There are 2 protein chains.
Amino acid sequence: MKNYIHPLQEEYDLSTFNFFKSLTPDELKTLDGQISASQYKKGDVIYHEGKRLTGFYCIMSGVLKVIKTGSDGKEQIIRFVTKGDIIAYRSLLSKEGACTTAKVIEQAVLVHVPYNTLTSILSSNHKFTLNTLQVVCKELKDANNYITDIAHKTVRERVAEVLIMLRDKFGVNKDNVLQVSLTREEIANMVGTATESVIRLLSEFKHDKIIEIKGREIKFVNLPRLTRIANM
Amino acid sequence: MKNYIHPLQEEYDLSTFNFFKSLTPDELKTLDGQISASQYKKGDVIYHEGKRLTGFYCIMSGVLKVIKTGSDGKEQIIRFVTKGDIIAYRSLLSKEGACTTAKVIEQAVLVHVPYNTLTSILSSNHKFTLNTLQVVCKELKDANNYITDIAHKTVRERVAEVLIMLRDKFGVNKDNVLQVSLTREEIANMVGTATESVIRLLSEFKHDKIIEIKGREIKFVNLPRLTRIANM
DNA sequence: CTTACCTAATGATATATTTCATGATTTACA
DNA sequence: TGTAAATCATGAAATATATCATTAGGTAAG
């Protein structure tokens, strides 16, 4: 399932992480001794809904999706995470099992930071705690925005919005092609709709020369128009 | 718009608030000197989307709704708050304008705690900070759950679910009647649907003897069945 | 290389929900 | 308490989206 990689210093230098920016050199050094890096491949599950966790993870490379299973059995993608993001910190603080599942989309290297390490830093470094509080607040804000969107926008609007969100998150290459490969189903799980609906809407956007599609490649042709459709 | 009430000690004893449970007697005393209680009436807006705030509020009594305006102009109710809840703490930490609006539904008494007071306690009392972190994490979890629900459940399921949520939040009297008076439109704004749909579904539930309705009074008759409809 | 399987595409049909319209109640407030 | 305004209720029609079914492409594994 996962392969431990050599602890090459360079490979998991956490000091570059925004999340750890308020740590002292000493604290970073302590941190270094308690963490472990692992490599995961596509499809690997990092943690499962309900599972008790021993620590949180920093994404060094790769792409993961954080999902929740709905009552109808379909999965809802809560967010995508990439290099620089952290996952599983929420359930550590609440001391409950995880309320989401994290699954690898593109081969990833993750650094595991034990719960104890986190709490000891939280208790000694006040700035770090405030920082963490802000990270969570930011996520809460995003979540509230998403609730409002999903409740009031049409599927068409939401598909357009998700495309823009993906563009912001993953970026595009020189040809304006989205730098991540997702299935139509994954986009549907992000939007919260049927796969067929996403396919139809992508085709429609393609027909209207708003995007171009070649397999899973999505090229942004008319971003202003897409933004207008998304109602943003 | 609002009437300042007399600072009767008993009226705003914050030590009973869960949120402040980790404060020392000294800190509570300091807090007491910096807060102010006000009474608001139905329809009053405590703060508006985008507004910069000077502090957060503790609800001593009454009912408020926290809303966000969607792109279609309709409001989405993010949550209801009652005695013991706090509002506006998020935007204080992120140092941005508020991303929601808080409006009074039932005459309320709120205690205003200045931003500076909060940060000074946050920097001195580590337990309090961790506690705050947990409160925010709890809200984030709720938000994630709600995203999954709203994206995957039918309007019918969501109306049932919201009724149950309201019951958990506001309770019922001895006759199983919900202890809060909401308009159909407010329920619709909670569910994220059209007012007429809520009206129709409530009528349906009434016809099926799951609830009884008399004006805005909602009586729970068959809770197990409602829970089954809600898919919980 | 080739078979098998997952993913994408598209049409037809079903259906839940919205929207519009109109009248009946109820609520709030002067 | 009376009265205007808001809310509630219901029907009919429109519509967006889901579901089902089938075919075609890709992709991955043997």
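Predicted, not measured: the structure shown is a model, and the values here were computed from it. Below, read A as the first sequence line, B as the second, and so on, with proteins coming before strands; counting in each chain starts at 1.
The distance between atom CD1 of A:Ile187 and atom P of C:dT7, rounded to the nearest whole Å, is 13 Å. For B:Asn189 and D:dA6, the CG to P distance is 16 Å, given to the nearest whole Å. In this structure, the CD atom of A:Glu185 is 10 Å from the C1' atom of C:dC6, given to the nearest Å. Atom P of nucleotide C:dA16 and atom CG of A:Asp72 are separated by 15 Å, given to the nearest angstrom. D:dT19 atom C1' lies 16 Å from atom NE2 of B:His152, rounded to whole Å. What separates CD1 of B:Ile199 from P of C:dG23 is a distance of 17 Å, to the nearest Å. In this structure, CZ of B:Arg156 is placed 9 Å from P of C:dT17, rounded to the nearest angstrom. In this entry the distance linking CD1 of A:Ile150 with P of C:dT17 reads 15 Å, nearest Å.
Atom NZ of B:Lys206 is surrounded by 12 or fewer heavy atoms from other residues, nucleotides or ligands within 6.0 Å.
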For this session: Please step through ring pair (Phe, Tyr, Trp, His ring centres under 6.0 Å) for the pair B:Tyr57 and B:Tyr89, ending with a clear verdict.
Result: CA-CA 8 Å; B:Tyr57 299 85; B:Tyr89 62 88; over 10 Å; no

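Remark: A:Ser197 is not in phosphate contact with D:dA16, judged by side-chain N or O atoms under 4.0 Å from OP1 or OP2. A close approach under 4.0 Å does occur between a side-chain nitrogen or oxygen of B:Lys74 and OP1 or OP2 of C:dT19. Checking the phosphate oxygens (OP1, OP2) of D:dT10, a side-chain nitrogen or oxygen of B:Ser203 falls inside 4.0 Å. The side chain of B:Arg216 contributes an N or O atom lying less than 4.0 Å from OP1 or OP2 of C:dA28. Contact annotation: B:Lys42 side-chain N/O to C:dT27 OP1/OP2 distance is not under 4.0 Å.
Residue contacts for A:Lys153: at a heavy-atom cut-off of 4.0 Å it reaches no nucleic acid atom on any strand shown. Among the atoms of the strands shown, only primed sugar atoms or phosphate atoms (P, OP1, OP2) are found under 4.0 Å from some heavy atom of B:Thr154.
Put simply, the side chain of A:Glu196 and the base of D:dC20 share a donor and an acceptor less than 3.5 Å apart.
When distances run from any side-chain atom of A:Ala194 to the nucleotides C:dT18, D:dA18, D:dT7, the shortest one goes to D:dA18.
Take the nearest nucleotide of DNA chain D for A:Arg200 and for B:Leu182: the residue whose nucleotide is more 5' is B:Leu182. Take the nearest nucleotide of DNA chain D for A:Thr193 and for B:Leu202: the residue whose nucleotide is more 5' is B:Leu202.
Aromatic ring centroids of B:Phe56 and B:Tyr115 lie 6.0 Å or more apart.
Taking CG of B:Asp149 as the reference point, atom NZ of A:Lys68 lies at 8.0 Å (rounded to 0.5 Å).
A donor-acceptor distance shorter than 3.5 angstrom exists from the side chain of B:Arg158 to the backbone of B:Gly192, with no hydrogens or angles considered.
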